[in-house]
Amino acid sequence: MVKVPFWLTLAVALAVASWGGYRIALAMRSKAAQHAAQTRGGLFGQSRRRHALLGTIYLLLAAMLVASSLGWSPLTPWFPATPGEGSAPPVKSSK
């Protein structure tokens, strides 16, 4: 299994969080700026509510990236970590 460096996951989390913050900033623009953006279309032409929703989702994803780089594993209840083929046998405690 490949181990991703700690700094790389934090860098990606920072990029995701900054994009989410930008989407939330787009959600807070004025009505005149919103109308001008809708005439252009594309990403900026989306509604302010959608920008706020997607920005919030991106911020949650960034928080999950930081938490998983610090050791949180969201899939552990469903897929517990088991040793694969060729791994060392588990160490028995000497109690």
Roughly how far, to the nearest 0.5 Å, is the CZ atom of R29 from the CD atom of Q34? 4.0 Å
Check each of I57, L43, L59, T56 against R23 using the side-chain contact (heavy atoms from CB on, under 4.5 Å) test, and report the only one that passes. L43
Measuring from atom CG of L65 to atom CG of L60, what distance do you get when rounded to the nearest 0.5 angstrom? 11.5 Å
Exercise: identify the closest heavy-atom pair between A37 and F44: CB-O, 3.2 Å
Do other residues, nucleotides or ligands put more than 12 heavy atoms under 6.0 Å from the CZ atom of R50? no
Single-linkage hydrophobic cluster, 4.5 Å side-chain cutoff, L53 and I24 together: no
Is any side-chain heavy atom of L10 closer than 4.5 Å to a side-chain heavy atom of S69? yes
Please round to the nearest 0.5 Å and tell me the distance separating atom CG of L54 and atom CG of L61. 10.5 Å
Find out whether M28 and H51 are in side-chain contact, i.e. whether some heavy atom of one side chain is under 4.5 Å from a heavy atom of the other. no
Compare every heavy atom of A62 with every heavy atom of A13, then report the nearest pair and how far apart it is. O-CB, 3.5 Å
For the hydrophobic clusters of this structure (ILVMFWY residues joined by side-chain heavy atoms under 4.5 Å, transitively), does one cluster hold both V12 and V4? no
S30 side, atom OG; R48 side, atom CZ - distance, nearest 0.5 Å: 7.5 Å
